[in-house]
Amino acid sequence: MRRLADKVALVTGAGSGLGAADCEVLAAAGAHVFVTDVSLDAAKHVAARIGDSAMPLQLDVSSSAAWMSVVAEVDRRFGRLDILVNNAGLCLLGDVETQTLEQFRLTQAVMNEGVFLGCQLAFPLLKKSASASIINISSIASMRGFAGFVAYAAAKGAVASMTKAIAAMCQDKAYKIRCNSVHPGEIETPMQQEFEGRLGEERLVPPGVLPKGAIGAPSDVAAMVLFLASDDSRFITGAELVVDNGATMRAT
Ligand SMILES: NC(=O)c1ccc[n+]([C@@H]2O[C@H](COP(=O)([O-])OP(=O)(O)OC[C@H]3O[C@@H](n4cnc5c(N)ncnc54)[C@H](O)[C@@H]3O)[C@@H](O)[C@H]2O)c1
C-alpha cells in the first residue's frame with residue numbers, strides 16, 4: 001500500500017521549485033494532487049509531467065475569492081482535503097533601510113496572509129478528513145538574522161508562529177488535523193538563483209562554512225513534506241522542522 005493512497009492534497013506555488021517537487025513526491029506516494037499556482041501555465045506544465053493524479057488550478061494565494069473557488073472545486077471533486085501545503089512565495093530583497101512599504105506589504109499578502117487564508121478557507125474540507133496535515137513552508141530566515149531579507153523574514157516568522165496557534169487549536173477542539181512548519185535552508189530553485197545573484201556576499205548559507213554541495217535540492221524538502229503528510233508523523237504537530245544541512249545549528 002502506498003503511503004498516501006487515495007489522500008487528497010493541495011499544494012500552492014506548485015508551478016516551480018519546491019512546490020513542484022512536493023507535488024511529484026505526493027503523487028508518487030498515491031495522493032490525488034491539486035497543483036495550484038498564480039501562473040496557470042506553470043501549474044499545467046507540472047501537472048502534465050505528473051499525469052492523471054495531478055489537477056492544475058490557478059490560485060493567487062493572496063486572494064480570498066480565488067481560495068474560495070479552488071476550495072469549492074476540491075469539495076466538488078473529493079468532498080474533503082487531507083493534505084494542504086502552503087508553499088507559494090516570493091523574495092523581494094531589502095534591509096530595513098531599503099525595503100519599500102509596498103514590497104513589505106506584498107510579501108505579507110502572499111506569504112503571511114496567503115497562509116492564513118489557505119488554512120482558514122480550507123478548514124471545512126480538512127475537518128472532513130480522517131487524518132489531515134497542514135504543512136506551512138517557512139524558512140531558516142525565521143530563525144536567524146539575514147539583513148537583506150527583512151520583509152521575507154517577517155512573513156516567515158509569522159508563518160512559524162501561526163502554525164503553532166493552528167496546531168494548538170486543533171488539539172483543543174479535538175480536530176484530527178496536524179499543522180507543522182518546514183524551514184528549508186538554501187535550496188536550488190528559480191527563487192534561490194535570483195537571490196543568489198543579487199545578494200553577492202550575503203548568502204543564506206555563508207560560503208566556506210559548510211562542505212561543498214551544501215545547497216539542497218527541492219527533493220530534500222519534498223522528503224520532509226511527504227513525511228509530514230503521511231500518518232508516520234502522527235505524533236508531530238506544532239513543530240518547526242528544519243531542512244538545512246545543519247546551517248542553523250552552526251555557530252559560525
Ligand atoms: N529556495 C530556497 O532556498 C528556499 C529556502 C527557504 C524557504 N523557501 C520557501 O519555499 C517556497 C517555495 O520557494 P521556491 O524556492 O520553490 O521558489 P520559486 O520561485 O521557484 O517558486 C515559487 C512559486 O510560487 C508562485 N507564486 C508566487 N506568488 C504567488 C501567489 N500570489 N499565489 C500563488 N503562487 C504564487 C510562483 O509562481 C512560483 O511558481 C517559498 O515559500 C519560499 O519562501 C525557499
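Counting starts at 1 for both ligands and their atoms, following the listed order.
For the ligand labelled ligand 1, residue S39 lies outside the 4.0 Å heavy-atom shell. Judged by the shortest distance from any of its heavy atoms, S63 lies outside the 4.0 Å radius around the atoms of ligand 1. Ligand 1 lies less than 4.0 angstrom from a heavy atom belonging to G185.
The S139 neighbourhood of ligand 1 comprises atoms 6 (C), 7 (C), with distances under 4.0 Å to a heavy atom of that residue. Near E186, with a cut-off below 4.0 Å to any heavy atom, the atoms of ligand 1 are 3 (O). Close approach of ligand 1 to P190 is summarised as follows: ligand atoms under 4.0 Å from at least one heavy atom of the residue are 20 (O). Annotation for ligand 1: atoms under 4.0 Å from non-hydrogen atoms of A88 are 24 (O), 33 (C), 34 (N), 35 (C), 41 (O). Close approach of ligand 1 to G17 is summarised as follows: ligand atoms under 4.0 Å from at least one heavy atom of the residue are 16 (O), 20 (O).
Taking distance alone, with nitrogen or oxygen atoms compared against 3.5 Å, K156 approaches ligand 1 more closely than that limit. Checking only distances, D37 does come within under 3.5 Å of ligand 1, N or O to N or O. Close N/O approach between D60 and ligand 1 is found [any backbone or side-chain N/O within under 3.5 Å]. In terms of N/O distances under 3.5 Å, ligand 1 is approached by Y152. For ligand 1, the polar-atom distance check finds no N/O of L90 at less than 3.5 Å from any of the ligand's N/O atoms. Taking any N or O of T189, backbone or side chain, at least one lies under 3.5 Å from an N or O belonging to ligand 1.
Within the 4.5 Å cutoff, the side chain of K164 has heavy atoms near those of the E240 side chain.
Remark: among candidates I187, L18, L59, the nearest residue to atom 44 (C) of ligand 1 is L18, based on non-hydrogen atoms. Considering each of D22, N87, I137, the one bringing a non-hydrogen atom nearest atom 40 (C) of ligand 1 is N87.
Rounding to the nearest 0.5 Å gives a distance of 14.0 Å between CZ of R178 and CD1 of I166. With rounding to the nearest 0.5 Å, the separation of CG in N87 from CG in N136 is 10.0 Å. With rounding to the nearest 0.5 Å, the separation of CD in Q58 from OG in S69 is 9.0 Å.
Remark: the S63 side chain and the D60 side chain contain no N/O donor-acceptor pair separated by less than 3.5 Å. For the residue pair D37/S39, the side-chain donor-acceptor check at 3.5 Å is not satisfied. Side chain to side chain, Q192 and E188 fail the donor-acceptor criterion of an N or O pair below 3.5 Å. Side chains of R234 and S131: no donor on one and acceptor on the other come within 3.5 Å.
With a heavy-atom cut-off of 4.0 Å, S138 touches ligand 1 through its backbone alone.
The side-chain tip of K156 points at the ring of Y152 from less than 6.0 angstrom away and within 45° of straight on.
In plain terms, the two heavy atoms of G114 and N86 that are nearest each other are O-OD1, 4.4 Å.
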Could you give me the CA-CA distance, side-chain angles and deciding distance for V74 and L10, then say whether side chain to side chain contact (heavy atoms under 4.5 Å, CB included) is met? CA-CA 9 Å; V74 178; L10 188 157; 3.9 Å; yes

